[in-house]
Amino acid sequence: MTRRGITGLGVLVLSVAAMVVVAAAPFAWTASLAPSIAEQGDMLALLERKVSGSGKGLRPLPIDADAVYVKGTTPGLAGAELQRVVAELAQTSGMKLEKMEVLPAEERDGATVLRLDVDTVGPIMALRSYLHAIETGAPLIFVREAHIGVDGQDNESTTVLPSERLTVSLQLEAVAWRNN
């Protein structure tokens, strides 16, 4: 074989080797990511079961976009609806409403941000239920601020635990969508 033939054969062998490396690179890269992909897949499956609530579903339940927003054609009506929802949640959880005040609404990108100051009294288990209902129900309501203290009326009484007479001040926020 001539020197030119050996050079051509060398170039051919190197070209084939380069093509094999290029063809095998994605498979090697995927194999190196396999543990991370499996871990993320397990986490995704766990989150999907948690969202579905039953633990049996493979996909989260669809969200009704209309249920996310407080209903109301004006900021005043939406504020009244937010008050109704919050009062109903307080009653069903066992908290006693002392004061509820609608704060000035704020307009943002076609939506109205509603704020509400709420003062309630109740035992710790009722507070737990109340906060859970607020954070997980529809429409979406967010707790912006929370101040929790002990009702000072029965300081002399030793029969009632402090956790059974909590005073709670919350600032809540929700969004009302308005088509203008």
Side-chain angles (χ1 to χ4, degrees), residues 40-157 159-180:
Q40 296 300 326
D42 291 343
M43 179 60 77
L44 182 60
L46 176 68
L47 290 172
E48 286 176 342
R49 283 193 304 274
K50 190 170 188 161
V51 168
S52 71
S54 67
K56 297 176 185 174
L58 297 176
R59 294 185 181 186
L61 297 174
I63 297 174
D64 179 13
D66 291 335
V68 171
Y69 301 105
V70 177
K71 305 285 188 263
T73 55
T74 66
L77 291 174
E81 176 64 11
L82 179 60
Q83 282 182 309
R84 185 195 65 75
V85 169
V86 169
E88 185 177 289
L89 293 174
Q91 182 180 13
T92 58
S93 66
M95 293 297 287
K96 178 184 169 197
L97 277 173
E98 290 197 329
K99 180 187 100 174
M100 195 177 325
E101 177 184 357
V102 178
L103 301 175
E106 179 183 325
E107 296 294 323
R108 266 193 240 150
D109 300 323
T112 302
V113 178
L114 305 168
R115 290 192 181 88
L116 189 65
D117 273 341
V118 181
D119 291 342
T120 60
V121 177
I124 195 163
M125 291 309 290
L127 174 60
R128 179 186 168 278
S129 175
Y130 184 47
L131 290 175
H132 182 266
I134 288 172
E135 290 282 336
T136 61
L140 290 181
I141 303 171
F142 303 97
V143 178
R144 287 179 41 103
E145 290 181 24
H147 300 280
I148 302 170
V150 177
D151 186 7
Q153 292 178 352
D154 279 332
N155 283 341
E156 304 298 320
S157 173
T159 60
V160 179
L161 295 173
S163 64
E164 297 301 311
R165 49 188 172 89
L166 298 177
T167 60
V168 182
S169 295
L170 301 173
Q171 187 177 92
L172 305 176
E173 185 174 277
V175 177
W177 186 261
R178 293 186 11 235
N179 294 326
N180 293 332

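Remark: Thr120 OG1 to Leu131 CG distance equals 8.0 Å, nearest 0.5 Å. If you take CG on Asp117 and CE on Met100, they are separated by 11.0 Å, rounding to the nearest 0.5 Å. How far CE of Met125 is from CG of Leu166: 12.0 Å, rounded to the nearest 0.5 Å. Note that CD of Glu88 is 11.5 Å distant from CG of Leu97, once rounded to the nearest 0.5 Å. Rounding to the nearest 0.5 Å places CG of Leu127 at 7.5 Å from CG of Leu170.
Ion pairing between a basic and an acidic side chain is recognised when a charged N comes within 4.0 Å of a carboxylate O; Glu173 and Arg144 show such pairing.
In plain terms, the two heavy atoms of Met95 and Tyr130 that are nearest each other are CG-CB, 3.8 Å. Shortest non-hydrogen contact noted between Ala174 and Leu140 is CB-O, 3.5 Å. Minimum heavy-atom separation, Ala126 to Ser93: CB-O, 3.3 Å. In terms of heavy-atom proximity, Thr73 sits nearest to Leu77 at OG1-CD1, 3.4 Å. Closest of all the heavy-atom pairs between Val102 and Gly79 is CG2-O, 4.2 Å. Of all non-hydrogen atoms in Glu81 and Lys71, the two that sit nearest each other are CB-O, 3.4 Å.
Heavy atoms from other residues, nucleotides or ligands lying under 6.0 Å from CD of Gln91 number 12 at most.
Side chain of Glu98 to main chain of Val121: no donor-acceptor pair is present (N/O by atom type, distance under 3.5 Å, no hydrogens or angles).
Checked options Val175, Ile141, Leu82, Leu103; the residue passing with Leu114 is Leu82 (criterion: side-chain contact (heavy atoms from CB on, under 4.5 Å)). Checking Glu101, His147, Lys99 one by one against Asp119, the side-chain contact (heavy atoms from CB on, under 4.5 Å) holds for a single residue, Lys99.
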